[in-house]
Structure formats: structure tokens, C-alpha cells
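Input: a single structure, listed below in C-alpha cells.
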Amino acid sequence: LFYRDLLGLRLLRQAGNAAVFDTGAAQLTVESLPHGHPAHGDMVGRFTGLSFVVANLAETFGRLSAQGVTFLAPPQPQAAGGGAAHVRDTAGNVLTLIGKL
């Protein structure tokens with residue numbers, strides 16, 4: 001699983017098409033839709049608005065890139081400090097990683 005094995009989130013439970021992860025302050029539920037599902041085209045492979053804080057963005061970018069994770073671009077400095085990088089999960093959904101550069 002992308003969220004467990006690559007992002008390092010702890011899997012709390014998995015049943016059917018859903019998996020629940022511990023993010024620390026909250027739980028994240030990820031659901032999958034099969035390609036034939038009527039909502040697949042509208043719900044899968046888009047910007048999610050989810051951001052994950054990582055301790056060292058440059059290190060995380062290097063590690064995930066080496067494992068074949070697709071980034072839209074290298075980490076970019078942010079006006080408020082630190083940096084951000086957009087990454088695609090295995091379904092093509094876009095997440096944001098933020099942290100120190």
C-alpha cells in the first residue's frame with residue numbers, strides 16, 4: 001500500500017475497498033473504486049487537497065523518487081518557509097508533502 005509502505009502511515013484496519021490509516025492527529029480513510037465504477041473518472045486521479053508534513057522534504061523526495069513514486073516537480077520553496085512537493089499516489093491522486101528543505 002502506498003500510504004503504509006511509502007508514506008509510512010500506520011494501517012489501523014482494512015476491509016473491502018477501504019483502508020484506515022493513523023496520521024497522528026487524525027485518521028485517514030482511503031477508498032478504492034474499480035475502473036468500471038460509474039464515479040471512477042470523476043473521483044480518481046485528481047488533486048485531493050491533502051497535505052502531509054514530513055520532517056525533511058528533500059530527503060523524503062529523494063527516498064520516494066528512488067522507489068518509483070511520481071512527483072509533479074521537485075520540492076519548491078514556500079513563502080512561509082520550508083517547501084512543498086506534489087506527489088501522485090498509485091491511483092494517480094495528487095497529494096502534497098510539506099516540510100524543511
(request) Could you list all the side-chain hydrogen bond (donor to acceptor under 3.5 Å, both in side chains) pairs where at least one residue sits in residues 12-21, not counting sequence neighbours? (result) none
(message) Can you pull out every side-chain hydrogen bond (donor to acceptor under 3.5 Å, both in side chains) where at least one residue sits in residues 64-81? Sequence neighbours excluded, please.
(response) none
(request) Under the salt bridge (charged side-chain N to carboxylate O under 4.0 Å, His left out) rule, collect the residues that match up with Arg4, sequence neighbours excluded. (result)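 Arg4: no salt bridge (charged side-chain N to carboxylate O under 4.0 Å, His left out) contacts found.
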Got a sec, which residues hit ring-ring contact (aromatic ring centres under 6.0 Å, His included) with [X], two or more places apart in sequence or on another chain?
{"X": "Tyr3", "result": "Phe21"}
{"X": "Phe71", "result": "Phe61"}
{"X": "Phe52", "result": "none"}

(message) Taking salt bridge (Lys or Arg N to Asp or Glu O under 4.0 Å) as the cut-off, I'd like each qualifying pair that reaches into residues 84-94, sequence neighbours left out, listed once.
(response) none
(request) Provide the full list of salt bridge (Lys or Arg N to Asp or Glu O under 4.0 Å) pairs with a residue in residues 20-29, sequence neighbours left out, each pair given once. (result) Arg10-Asp22
Please enumerate all residues that pass side-chain contact (heavy atoms from CB on, under 4.5 Å) together with [X], with sequence neighbours excluded.
{"X": "Pro77", "value": "Leu101"}
{"X": "Ala18", "value": "Thr29, Glu31"}
{"X": "Glu59", "value": "Asn56"}

(message) Determine whether a donor-acceptor pair (N or O, by modelled atom type, separation under 3.5 Å) exists between the side chain of Thr90 and the backbone of Phe2.
(response) no
(request) Not counting sequence neighbours, list each pair that qualifies as a ring pair (Phe, Tyr, Trp, His ring centres under 6.0 Å) and has a residue in residues 75-101. (result) none
